[in-house]
Colleague: 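Here it is, the structure, as C-alpha cells.
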Amino acid sequence: MKTLVVAATKAELTFFYQHFNLPEGDFIESKNFDLLITGVGMVATAFALGKHLSHKYDLVVNFGIAGAFDRNIALGTVLNISEDTFAELGAENGDEFLTITDLGFGENHYTAKTQRKVGLPLAKGITMNCVTGSEKSIQNLIERLNPTTESMEGAAVFYAAKQLNIDCLQIRSVSNYVEPRNKDNWKIGPAIKNLNDWAISFIGEMN
Ligand SMILES: O=C(O)c1cccc(C(=O)CC[C@H]2O[C@@H](n3cnc4c(=O)[nH]cnc43)[C@H](O)[C@@H]2O)c1
C-alpha cells in the first residue's frame, strides 16, 4: 500500500515535514508514502503529476488550504472535498457560460474515489486559475455552481488520478472566505496547523 501525498506548497505541509522528519525537496520518497510538491495552480499540478503519478500508488491525497464561500464554516475547518469542478474551463456565450461538456470536449467535474473512512464534513470544491475577488464573480459562481470552497489545484489532482484509475482524496482547511481580496483577513496559520494535524494522523494511521 503506497500513498502519494500532493500539495501545492511546502508551507502548507510544514508540520507534516517536521513530524515525519522529511528532507527538503519537492519529491520525497519514503517507505509508506511519497510526497510531491507541485507548485501553485492546475498547470504546475498536472505537469508534476504527469511526471510522478504511476500505478505504484494505491491512493493520491491532495492536501491544501482553500477559500470558503459559506461564512457558516469557521476558518480553520478541515473539509473532505468530495467533488471538484474546473470552473473556468469552457466558453462565454454572451452572459451564458458553456462548460467544456456543453462544448462536447469532455468532462469538467470530478469526484474523490476511496473506500477509506475519512470522517470529515463533505464539501463541493471548484478549481480556479484566478482567485475569486469580486462580488460579481462570487455571485456568478454561486449561481452557476453553488460551491463550498475554491482552490487552484483540486480538480487537476482528481483528473490525473482518474486517468490512471487510482483512488484519490482531497482534504482542505479553510484559510479565508472568498471575498474582495483582503489578505489581512486570511487565517493561514491556524488553517495549516489543523490541516497538518489531520494529515499526520491520517497518513500515520495508514502505515
Ligand atoms: O502567505 C502565506 O503565508 C502562505 C502560506 C502558505 C500558503 C499560502 C498560499 O497562498 C497557498 C496558495 C494555495 O492556497 C489555495 N487557496 C487558499 N485560498 C484560496 C482561495 O480563496 N481561492 C483559491 N485558492 C485558494 C490555493 O489552492 C493555492 O494553491 C500562503
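Note that ligands are numbered from 1 as they come in the structure, with each ligand's atoms numbered from 1 the same way. These numbers were taken from a predicted model, which means no experiment stands behind them.
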Colleague: Enumerate the atoms of ligand 1 whose separation from the nearest heavy atom of Val131 is less than 4.0 angstrom.
Modeller: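 Close to Val131: 20 (C), 21 (O), 22 (N), 23 (C).
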
Colleague: Give the atoms of ligand 1, by number and element, whose distance to some non-hydrogen atom of Arg172 is under 4.0 Å.
Modeller: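 Heavy-atom distances to Arg172 below 4.0 Å select 27 (O).
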
Colleague: Considering heavy atoms of the protein only, find what lies nearest to atom 10 (O) of ligand 1 and give residue, atom and distance to 0.1 Å.
Modeller: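 That would be Trp186 CZ3, 4.3 Å.
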
Colleague: Give the contacting part of Arg181 toward ligand 1: side chain, backbone, both or neither, where contact means a heavy-atom distance below 4.0 Å.
Modeller: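 Looking at Arg181 and ligand 1, no heavy atom falls under 4.0 Å.
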
Colleague: Is there a polar contact, in the sense of an N or O pair closer than 3.5 Å, between Gly41 and ligand 1?
Modeller: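 No, Gly41 has no N/O under 3.5 Å of an N/O on ligand 1.
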
Colleague: Using the test side chain to side chain contact (heavy atoms under 4.5 Å, CB included), find all partners of Lys51 that sit at least two apart in sequence or belong to another chain.
Modeller: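 Applying side chain to side chain contact (heavy atoms under 4.5 Å, CB included) to Lys51 gives Phe47.
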
Colleague: Should Gly64 be listed as contacting ligand 1, given a heavy-atom distance under 4.0 Å as the test?
Modeller: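 No, Gly64 has no heavy atom closer than 4.0 Å to ligand 1.
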
Colleague: Below 4.0 angstrom from a heavy atom of Ser175, which ligand 1 atoms are there? Numbered from 1 as shown, please.
Modeller: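 This gives 17 (C), 18 (N) as the contact atoms.
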
Colleague: Heavy-atom distance to atom 14 (O) of ligand 1: which of Ile65, Thr149, Asn176 wins?
Modeller: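 That would be Ile65.
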
Colleague: Write out the residue and atom name of the closest protein heavy atom to atom 19 (C) of ligand 1, then the distance separating them to 0.1 Å.
Modeller: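 Ranked first by proximity to atom 19 (C) of ligand 1 is Gly67 N, 3.4 Å.
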
Colleague: So Thr114 and Val61, do their side chains get closer than 4.5 Å, heavy atoms only?
Modeller: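 Side-chain contact under 4.5 Å: no.
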
Colleague: Checking Lys2 now: which residues fulfil side-chain hydrogen bond (donor to acceptor under 3.5 Å, both in side chains) with it, not counting sequence neighbours?
Modeller: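 Lys2 satisfies side-chain hydrogen bond (donor to acceptor under 3.5 Å, both in side chains) with Asp34 once adjacent residues are dropped.
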
Colleague: What protein heavy atom is closest to atom 1 (O) of ligand 1, reported as residue, atom name and distance in Å?
Modeller: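 Checking every protein heavy atom, the shortest distance to atom 1 (O) of ligand 1 gives Lys183 NZ, 3.1 Å.
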
Colleague: The test is side chain to side chain donor-acceptor pair (under 3.5 Å); show your working for Asn165 and Lys113 and say whether it passes.
Modeller: CA-CA 9 Å; Asn165 194 24; Lys113 178 177 170 252; 3.2 Å; yes

Colleague: Can you confirm whether Pro180 sits close enough to Ile138 that some side-chain heavy atom of one is under 4.5 Å from a side-chain heavy atom of the other?
Modeller: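 Yes, side chains in contact.
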
Colleague: For Phe16, does its backbone N or O pair with a side-chain atom of Asn196 as donor and acceptor, under 3.5 Å?
Modeller: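 The answer is yes, because a donor-acceptor pair under 3.5 Å joins these two groups.
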
Colleague: How far is atom 13 (C) of ligand 1 from the closest protein heavy atom, and which atom is that?
Modeller: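 Nearest protein contact, heavy atoms only, for atom 13 (C) of ligand 1 is Glu12 OE2, 3.9 Å.
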
Colleague: What are the atoms of ligand 1, with element, lying closer than 4.0 Å to any heavy atom of Val40?
Modeller: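 Checking each atom against Val40, I get 29 (O).
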
Colleague: Look at ligand 1 and say whether Tyr177 reaches it with a heavy atom at a distance under 4.0 Å.
Modeller: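 Judged by the 4.0 Å heavy-atom criterion, Tyr177 does not count as contacting ligand 1.
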
Colleague: Can we say Arg71 and Glu179 salt-bridge, meaning some charged N sits less than 4.0 Å from an Asp/Glu carboxylate O?
Modeller: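 Yes, this pair counts.
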
Colleague: May I ask you to test the Ile192-Leu195 pair for a side-chain heavy-atom distance under 4.5 Å?
Modeller: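 In short, these two side chains do not touch, never coming nearer than 4.5 Å.
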
Colleague: One thing to verify: whether Lys56 and Glu29 come together as a salt bridge, which I'm taking to mean a side-chain N less than 4.0 angstrom from a carboxylate O.
Modeller: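 A salt bridge links Glu29 with Lys56.
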
Colleague: Is the side chain of Glu150 donor-acceptor paired with the backbone N or O of Met128 at a distance under 3.5 Å, no angle test?
Modeller: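 Here the side-chain-to-backbone pair does not exist.
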
Colleague: Check whether any side-chain heavy atom of Leu79 lies under 4.5 Å from a side-chain heavy atom of Leu120, and answer yes or no.
Modeller: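 Result no, sub-4.5 Å side-chain heavy-atom pair not found.
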
Colleague: Considering non-hydrogen atoms of the protein only, which is the closest contact for atom 5 (C) of ligand 1, and what is the distance?
Modeller: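 Result for atom 5 (C) of ligand 1: Ile188 CG2, 3.7 Å.
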
Colleague: Quick one: look up the protein heavy atom nearest atom 6 (C) of ligand 1 and list residue, atom name and how far away it is.
Modeller: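 That would be Ala11 CB, 3.6 Å.
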
Colleague: Using distance alone, with no hydrogens and no angle criterion, decide if Ser137 and Asn140 have a side-chain donor and acceptor under 3.5 Å apart.
Modeller: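 Absent: no donor and acceptor within the cut-off.
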
Colleague: Could you list which atoms of ligand 1 come closer than 4.0 Å to a heavy atom of Ser151?
Modeller: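 Those qualifying, in numeric order: 23 (C), 24 (N), 27 (O).
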
Colleague: So which protein heavy atom does atom 28 (C) of ligand 1 come closest to, and at what separation?
Modeller: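 Sorting protein heavy atoms by distance from atom 28 (C) of ligand 1 puts Glu153 OE2, 3.6 Å first.
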
Colleague: At what distance is the nearest protein heavy atom to atom 22 (N) of ligand 1, and which residue and atom is it?
Modeller: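 Result for atom 22 (N) of ligand 1: Glu150 OE2, 2.7 Å.
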
Colleague: Using a 4.0 Å cutoff against the non-hydrogen atoms of Ala8, which atoms of ligand 1 qualify?
Modeller: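 Matching atoms, with element in brackets: 29 (O).
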
